[in-house]
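Residues: numbered from 1 along the sequence shown. First listed ligand is number 1; within each ligand, the first listed atom is number 1. Bear in mind the structure is a predicted one, so any value in this text is a computation, not a measurement.
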Amino acid sequence: MLFQDINNFINENQSFLITSHIEPDGDAIGSELSMAIQLEKMSKRVFIINPEPVPKRYRFLRRWKDIEIKKPRQNIRIDASIFLDVGNTKRVSWIFDFVKKKGIPILNIDHHVSNSLYGDINYVDKEASSTSECIFDIFKALGIKLNGEICECIATGIITDTGRFSFKNTSEKTFRVCAELSCCGVDFSSLSNYIYNKRSIESIRLLSFVLSTIKVIEGIAFVQLTQRMIKESGAGEEESEGFVNYVLAIGDIKSAVFFREKSNGEIRVSLRSKDETINVNRIASIFNGGGHSQAAGFRSFKSMKELELEILIAFQNIETKRDCSY
Ligand code: 5GP
Ligand code: MN
């Protein structure tokens, strides 16, 4: 039924706006490009419009330049929109208002537990490793045969959202999907090299600054990135993506918190959990954020010091609740 609705949505419309979230990651870019390439193969007109530019590390994907960050011209006809990997409408900045004002219908394809079901059609698979995996499932259900380039984009989303197949969201099905992608010619080794082993020396310097701030309180590791570190390292802000995963290498911590100071003073907070019983999505939602049980985030204009204290209390509270439920 849902697949039939998606099929109709694609068939009945001719021009599409595709979008994804701020601070785009590999799943955002991979799912957008795979959807765009397929729609173009079906002779549809496609505009990929994001709130923020494509990070350098994903610019090896041939079609990355098709992703724009400015408003489409007034006279451009857009029949329908597809929101990919977008848990809630705040995550796409001005694009949700733009689409709503024009009365453009939304197909919401996502895998976040916290998805607020804002679409006219909502395909939200919380079991999927990534939105890219959802796209694979949809194409398969619709009988679409994938080309090598689409497979590579889907694989990029899966590799990055599963932390190279190491996070809890990596299921037996994820491996089955990847086996099929591999059969289609995806070279996982070379793809991982493009994504992870082409960092700038500046970003490694930034990583060293960030790691030097580490402190562990009550089993939670805190690290921070300031605007000053960005200036001193010469790295771009988006090059700090994935830094929090280095912190998770410490054996006896249960969670990690990464504070990133943005140029407007706002703090972006990334939460990670190593302990299956600690659901960081619940912590993020206390601060009006969201995500997944093991990886979530929010943003705030409070100071890092204040946030640290509030986060510690939030962790204590959910742990107390968990202990009581035994
Ligand atoms: P990251 O820490 O890598 O930015 O994000 C981890 C997960 O949490 C991602 O799935 C992301 O979509 C979600 N997330 C991060 N920041 C926010 C936020 O401000 N709001 C919501 N709703 N989700 C977020
Ligand atoms: Mn994702």
Side-chain angles (χ1 to χ4, degrees), residues 19-35 50-52 55 57-58 83-93 96 108-118 123-137 153-163 167-171 174 177 210 221-225 237-248 255-262 264 266-273 279-302 307 311:
T19 192
S20 191
H21 55 83
I22 48 169
E23 287 136 5
D25 53 18
D27 192 26
I29 305 296
S31 58
E32 288 186 292
L33 290 180
S34 53
M35 179 57 88
N50 276 4
E52 290 180 357
R57 66 198 313 198
Y58 301 115
F83 284 42
L84 298 170
D85 206 39
V86 177
N88 74 63
T89 58
K90 274 194 299 185
R91 303 270 297 152
V92 287
S93 180
F96 180 69
N108 162 18
I109 302 178
D110 188 26
H111 68 125
H112 287 95
V113 262
S114 57
N115 191 288
S116 61
L117 307 179
Y118 53 83
Y123 181 97
V124 180
D125 180 358
K126 294 163 188 168
E127 301 300 315
S129 66
S130 52
T131 301
S132 298
E133 189 177 312
C134 298
I135 299 240
F136 180 94
D137 294 338
C153 294
I154 291 177
T156 299
I158 297 179
I159 292 171
T160 52
D161 256 29
T162 58
F167 301 153
K168 265 268 156 277
N169 59 354
T170 315
S171 68
T174 309
V177 169
V210 169
F222 289 87
V223 273
Q224 45 181 263
L225 177 153
E237 195 175 311
E238 88 284 355
E239 292 186 271
S240 63
E241 222 48 65
F243 281 8
V244 66
N245 298 327
Y246 289 89
V247 180
L248 290 174
S255 308
V257 178
F258 183 21
F259 293 126
R260 270 176 274 193
E261 182 191 25
K262 316 253 325 157
N264 64 351
E266 194 178 21
I267 308 295
R268 174 180 172 195
V269 183
S270 288
L271 305 167
R272 297 291 184 274
S273 162
N279 181 342
V280 285
N281 175 50
R282 281 175 50 201
I283 306 239
S285 62
I286 297 171
F287 298 90
N288 297 318
H292 312 282
S293 63
Q294 313 296 115
F298 68 93
R299 50 212 66 229
S300 164
F301 278 100
K302 290 184 179 166
L307 287 170
I311 290 170

Just by distance, do the side chain of Asp161 and the backbone of Ser130 share a donor-acceptor pair under 3.5 Å? no
Got Glu241 and Arg260 here, is their nearest side-chain heavy-atom distance under 4.5 Å? yes
Report yes if some heavy atom in the side chain of Asn279 is under 4.5 Å from a heavy atom in the side chain of Gln294; otherwise report no. no
Sort by chain and number the protein N/O/S atoms that are closer than 2.8 Å to the Mn ion (ligand 2), and list them. Asp27 OD2, Asp85 OD1, His111 NE2, Asp161 OD2
Glu266 bridged to Lys302 by N-O distance under 4.0 Å: no
Once rounded to the nearest 0.5 Å, what's the spacing between atom CD of Glu32 and atom OG1 of Thr131? 10.0 Å
Hey, which residues fall under 4.0 Å of ligand 1 on heavy atoms? Asn88, Arg91, His112, Arg268, Ser270, Arg272, Gly289, Gly290, Gly291, His292, Ala295, Ala296, Gly297, Phe298, Arg299
Before giving the answer on ring-ring contact (aromatic ring centres under 6.0 Å, His included), spell out for Phe258 and Phe222 the whole-Å C-alpha distance, their side-chain angles and the decisive distance to 0.1 Å. CA-CA 6 Å; Phe258 183 21; Phe222 289 87; over 10 Å; no
Holding to ring-ring contact (aromatic ring centres under 6.0 Å, His included), I want the full list of residues that pass it with Phe96, two or more places apart in sequence or in another chain. none
A quick test of your reading: do over 12 heavy atoms of other residues, nucleotides or ligands sit less than 6.0 Å from NZ of Lys168? no
Here the salt bridge (Lys or Arg N to Asp or Glu O under 4.0 Å) pairs for residues 84-93, sequence neighbours left out, are none
